[in-house]
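Beneath this line is the structure, given in structure tokens, with notes to follow.
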Amino acid sequence: MLLRKFYKVNLFMAMIVLLLSNSFLILFLFNVSEVHAQEEYTYYGYVPAKMWRFNLTDQNNLTSGYYSVPTSVASAGLVAVVAIKNNTHVWVYSLVNGSLISETIIDSMQKHYTVFENGTAFKVVTDQLACVYLLNYGSVPASNATSGPFPDTFYQDINGAYVGKEFVILGLGNDYSIGYVILALENAEVTVTREDGERTTYSLDANTRKELMWQPFKIYKVKSSGYIMIQSGRPVDRWANARTFYVPSTEGGFVGTTFYSWANSDWDWTESYGFRVSATKDTKITVWSLETKEPIITKNVQEGIGFGFKPQAPAIFVQSDQPITLSYFHNGSIFSAVGNEGIYGAYGSGVGYFGVKPNQDTPFYLPIDSFVEAYIYASEDTEIMLDGNDWFIEADSYFLLTTPGTHIISSNKNIIVETVNWPNTPEYQGLIYNGVQIPCVQTVDVVTHVTLTSLGGFPIIYVIIGAAVAIVGAIMTFLFMRSRRSSKHL
């Protein structure tokens, strides 16, 4: 009898050890992006229709009337495709009538441009993964172009993940302003190679950043020994106008518990803009400064309520104990205390993208003092649930949501969502955006496994493993003691 019980206890302990060992194997053998073999990659977008801006004549007087800002008016948007691999076949379609607009084959670090009129929905198809942009640039750029809009976006790596070790990116902005940042999740030796062969190397510690100036319309290849993220379009200080972007999770996709982002230390505290957490469960979040390596905000966030914050830090790390989404936007109110020519001079707008994985509740928020449009794209026949209601989206089409506020979406297939927002005052106000990288539908569910180092210098994953080992050890000790006690009664 004692022998049988001893065998049972040891068999149970062996199973626990085996499971834990398998967990270690899974963790350390698959510390790369999980990528699907794919013959076709699809990207969707919509060029905003109302590309203009009106300002108050006297920004301290709401009755002074509005005037059109001539430099804000645009009639078209630019779709740019950058090849990651040689012999990449590119097709660009209009979704208005399904017609093929352009077709080409380009090699690695080459680009292809297509111009679409305002109000046009489009689709890009490639036979190899590429980097695709929607830009507020109304024509094909000249070969000697000296400026372009800084996209407000994060970039996908060569596998379609937002955390990676190799990226191919189109430089934009200008050659006299910092517009890009590399966020190091691990210790990394990073080499940046411009299309003409000019090369620069940087050494980065985990939880540090490198801010960069890149020449507009030049292609850059970034290779790193450790995992990094790349972002462009620094969140603005009190003097500028906020543009929308969504922060991808380090775990893959846009729902997760750990996030990195460029930020800002100089805020207009009366203006309605900043970062926002959305959650489907009550959760606690902590915001860390990557500059001081200290926590600067801790908050309990209620399910369905969300939390907006303005971190005083040049870059941040956000951690939660339940899955969340993290975004940055302007709520639309024209009121501000500083940073403009009057107290009614605030303006914020933008175009942003996020992906939705199959069977994953994804919370998001559309600004309440704004006109909003959310285009939900599907590359195949797809069923979605939006705010508790079921909808069907046919392949190569979209569902349009125009209701501000908090929403929850889930889907049975990969989908991407493009959001457009601009102030609802005055009622004929228009939109200004810079640009954004368009995520590939087929790589929305790519997963990344990276060993994050906590701001205290101890790897986060080791803390989790240590806790698991302690729990298993306690169980084994308990079972062993129990077996000894049981043997005394035999």
Side-chain angles (χ1 to χ4, degrees), residues 152 154-155 162-164 178 180-188 190 202-211 224 226-237 242 245-267 269 273-279 281-302 305-329 363 448-467:
D152 299 286
F154 282 81
Y155 292 91
Y162 288 95
V163 174
I178 292 174
Y180 292 81
V181 66
I182 296 173
L183 300 162
L185 280 60
E186 299 178 326
N187 294 341
V190 182
Y202 309 97
S203 294
L204 301 177
D205 293 332
N207 295 318
T208 63
R209 73 191 189 282
K210 179 62 181 179
E211 298 178 348
S224 174
Y227 282 102
I228 60 174
M229 301 178 75
I230 301 179
Q231 181 183 3
S232 65
R234 185 202 305 266
V236 299
D237 60 18
F245 65 83
Y246 295 87
V247 183
S249 164
T250 64
E251 299 109 294
F254 287 82
V255 177
T257 58
T258 49
F259 303 81
Y260 287 81
S261 180
W262 223 354
N264 174 45
S265 299
D266 183 23
W267 300 86
W269 296 100
Y273 71 113
F275 289 89
R276 184 178 179 88
V277 168
S278 297
K281 296 180 179 179
D282 291 350
T283 186
K284 179 181 178 180
I285 69 158
T286 302
V287 181
W288 300 71
S289 167
L290 291 186
E291 186 79 4
T292 65
K293 308 298 188 289
E294 297 289 338
I296 54 176
I297 298 173
T298 301
K299 178 71 175 180
N300 291 318
V301 180
Q302 289 184 280
I305 302 298
F307 171 60
F309 62 95
K310 298 177 178 180
Q312 290 187 282
I316 57 173
F317 172 69
V318 179
Q319 189 172 19
S320 64
D321 57 16
Q322 295 291 337
I324 62 171
T325 57
L326 181 63
S327 57
Y328 172 90
F329 58 83
T448 52
H449 301 285
V450 57
T451 302
L452 299 181
T453 299
S454 76
L455 277 298
F458 198 64
I460 291 173
I461 194 65
Y462 295 164
V463 176
I464 297 172
I465 293 171

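- When only modelled atom types and interatomic distance are considered, Ser249 and Glu251 share a side-chain donor-acceptor pair under 3.5 Å.
- Of all heavy-atom pairs between Asp152 and Gly233, the closest is OD1-CA, 3.6 Å.
- Scanning for side-chain hydrogen bond (donor to acceptor under 3.5 Å, both in side chains) contacts around Glu294 gives an empty result, with sequence neighbours left out.
- Between Tyr202 atom OH and Ser224 atom OG the span is 13.0 Å, to the nearest 0.5 Å.
- In this structure, Glu211 places its CD atom where more than 12 heavy-atom neighbours from other residues, nucleotides or ligands lie under 6.0 Å away.
- In this structure, OH on Tyr227 lies 9.0 Å from OG1 on Thr451, to the nearest 0.5 angstrom.
- Distance alone, capped at 3.5 Å, places no donor-acceptor pair between the Asn207 side chain and the Lys293 backbone.
- For Lys281, the NZ atom counts as loosely surrounded, since its 6.0 Å shell holds 12 or fewer non-hydrogen atoms of other residues, nucleotides or ligands.
- Using a 4.5 Å heavy-atom threshold, the side chains of Tyr155 and Tyr180 count as touching.
- The shortest distance between side-chain heavy atoms of Tyr273 and Pro235 does not fall below 4.5 Å.
- Considering all non-hydrogen atoms of both residues, Thr283 and Ser320 come closest at OG1-CB, 3.8 Å.
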**OP:** Could you walk me through whether Leu290 and Thr208 pass side chain to side chain contact (heavy atoms under 4.5 Å, CB included), step by step?
**Re:** CA-CA 6 Å; Leu290 291 186; Thr208 63; over 6 Å; no
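- The structure places CG of Asp321 at 8.0 Å from CG of Asn300, a figure rounded to the nearest 0.5 Å.
- Atom CD of Gln319 and atom CD1 of Ile324 lie 10.0 Å apart (nearest 0.5 Å).
- The two residues Phe307 and Ile285 come nearest to each other via the heavy atoms CD2-CD1, 3.7 Å.
- Take Phe245 and apply the ring-ring contact (aromatic ring centres under 6.0 Å, His included) test, not counting sequence neighbours, and it matches Tyr328.
- Looking at heavy atoms from C-beta onward, Asp282 lies out of side-chain contact with Gln322 at the 4.5 angstrom threshold.
- Nearest heavy-atom pair, Ala206 versus Asn187, reported as atom, atom and distance to 0.1 Å: N-OD1, 2.8 Å.
- Taking all atoms of both residues into account, the shortest heavy-atom contact from Val450 to Thr250 is CG1-O, 4.2 Å.
- In this structure, OH on Tyr260 lies 11.5 Å from CD1 on Ile316, to the nearest 0.5 angstrom.
- When all heavy atoms of Arg209 and Ala315 are compared, the pair lying nearest together is CD-CB, 3.8 Å.
- Using cut-offs of 30° and 60° on the angle between ring planes, the pair Trp267 and Trp269 is tilted.
- Contact annotation: the side chain of Met229 approaches that of Pro248 to within less than 4.5 Å [non-hydrogen atoms, C-beta and beyond].
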**OP:** Take Ile296 and Gln312, measure what side chain to side chain contact (heavy atoms under 4.5 Å, CB included) needs, and give me the verdict at the end.
**Re:** CA-CA 8 Å; Ile296 54 176; Gln312 290 187 282; 5.6 Å; no
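- To the nearest 0.5 Å, atom OH of residue Tyr246 and atom CZ of residue Phe154 are 13.5 Å apart.
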